[in-house]
Amino acid sequence: WWWWWWWWWWWRGDPTGGRLAAITLTFTADQDPALRTDRIQSLLEQRERLEAKLAEATLGDAAKPKAAPQDLISQLPPSVVLIDFLEYRRSAQIGVEPRAELTVFVSKRYAGIVRLELGPVASLAESVETWLRTHGAPGKGADAGIALHDRLWQPLLSHLGQARTVIYSPDGCLTRLPLAALPAKQRSTFLIEEYAFAVLPVPQRLPTLLATDAAASPPQSPSLLLVGDIDYGQVAASPANQPIGVPLTFAKLAAARSEVLAVKDSFESAFPTLQPPTVLRGLAATEAAFRRDSSAHQFVHVVTHGFVAQPTSTSTINSESLCGLALSGANARGDSIADDGLLTAAEISGYDLRHTKLVTLSACETGLGTIAAGEGVLGLQRAFQIAGAQTVISSLWKVDDRATQELMDLFYERLWSSGTRISRIEALRQAQLAILRGGHERGVGIVKKTPDEPRVSPYYWAAFVLSGDWR
């Protein structure tokens, strides 16, 4: 095993991920674009070789698929259904431009695998865009929601059986759409009221998830790392490194401190005899501190800005370096690759989070990233789970601060309550239902409901999705 540890330690200490992030996210006027592209490609090839050796060293023969799909499906709990969406190109005749089509594979214990064709992607993508702009509001938004239900959900109903938990792998335009927020058959209700939904961004990890018996794991005392109320620093008057795409500057989050304190109180109330949470705030919330402390805690809660930079035509190679989290000093972005304040997905994927149960990214658009055909989103969800985190909660759009804090309060109360032991996905579902049906639970309303919208809009409760281990 000594060489396994050598490879792991070398990989964790190697700055390849940091170099990729630094080169991809920064561009100066005097740089040669061709030389810069060559450097990125060289680092990508080096990283791929290291990942292959690490996988071989850590997994050996286990890295090679052995189980047939039917054997894997037989491990699914009876109440769980697996839905895998896939975009592909199909041409009806020679010489005709291929069009994008959507297919779905429905897998359920004792029922095998069913493949269904859902038709052209173009019209589906239009409905998704309309829904995202309106969050299903009456009028065009509601019409788009009904169209999406009829295209995506109605064909699946006869194959769901008694399942009440839906694990799905989205692809293409569906990576930005929370299925839980689609209208149900009654139209006045939502799918979340009938099912719990979890995303599987790395389908290859399903065998590992199903093979893991949480009850058989040695008990560990819960521990919490809180990151928030961050000092992003002042923007330099003439920064040496200009980020590609949109400018990456970050304003202090007004509600971050109160959210951090609320989660801290919730943890200490649920576990009064355990060690208090570790808190990284202000200038202490650095990349180095996060890298040091994240692997030592079962729960990690981060309140900050997420970012998804848009690549230019000369910088489209490394998608993982284009999304991440803003930490201390992110506005200044010093010369240090290892701690420039921009924690990218490429860097996170090299962390060791095998003992981390849950990472909650209470930040805007942390569920987004670069869409790779047939592979879903290459972003933070995927990066944290490649690093070993069991479960990640992230967001699909910018959410109201008060609604986010209320949702997180409700979620952790249910998850950590000493009187109940419910799954992570059910804790999130119950928190979202509480906001959907009332908008408040402690007398502080989030929004005023109207006759046209008798319940709270999905904008306030549906942005956060759970990915990975739903149990």
Legend entry - Pair E193-R437, salt bridge (Lys or Arg N to Asp or Glu O under 4.0 Å): steps then yes or no: CA-CA 10 Å; E193 297 178 82; R437 292 170 175 169; 3.3 Å; yes
Under 3.5 Å donor-acceptor pairs involving side-chain atoms of residues 258-272, not counting sequence neighbours:
| unit_1 | atom_1 | unit_2 | atom_2 | d |
| --- | --- | --- | --- | --- |
| S258 | OG | A255 | O | 2.9 |
| S258 | OG | Q405 | OE1 | 2.9 |
| E259 | OE1 | S362 | OG | 3.4 |
| E259 | OE2 | H301 | NE2 | 2.9 |
| E259 | OE2 | S362 | OG | 2.6 |
| K264 | NZ | E268 | OE2 | 2.8 |

Legend entry - By side chain to side chain donor-acceptor pair (under 3.5 Å) - contacts of T356 (at least two apart): none
Inset, instruction - List in chain and number order the residues that pass side chain to side chain contact (heavy atoms under 4.5 Å, CB included) with R292, two or more places apart in sequence or in another chain; answer none if no residue qualifies. - result: L280, A289
Legend entry - Partners meeting side chain to side chain contact (heavy atoms under 4.5 Å, CB included) with A462 (sequence neighbours left out): P178, A181, W397, P458
Legend entry - For T404, side chain to side chain donor-acceptor pair (under 3.5 Å) partners two or more places apart: none
Inset, instruction - Report the residues that fulfil side chain to side chain contact (heavy atoms under 4.5 Å, CB included) with E129, sequence neighbours left out, ordered by chain and then residue number. - result: R133, R176
Legend entry - Contacts of type side chain to side chain donor-acceptor pair (under 3.5 Å), residue R109, not counting sequence neighbours: none
Legend entry - Whether over 12 other heavy atoms sit under 6.0 Å from E194 CD: yes
Legend entry - Partners meeting side chain to side chain donor-acceptor pair (under 3.5 Å) with H297 (sequence neighbours left out): T278
Inset, instruction - Kindly write out the residues that satisfy ring-ring contact (aromatic ring centres under 6.0 Å, His included) with F299, not counting sequence neighbours, or none if the list is empty. - result: W416
Legend entry - Residues that F411 engages under ring-ring contact (aromatic ring centres under 6.0 Å, His included), provided they are two or more places apart: none
Inset, instruction - List in chain and number order the residues that pass side chain to side chain contact (heavy atoms under 4.5 Å, CB included) with I113, two or more places apart in sequence or in another chain; answer none if no residue qualifies. - result: P69, I73, F105, S107
Legend entry - Inter- and intrachain pairs under salt bridge (Lys or Arg N to Asp or Glu O under 4.0 Å), touching residues 221-235, at least two apart: D229-K252, D229-R281
Legend entry - T360 and Y412: side chain donor to acceptor below 3.5 Å: yes
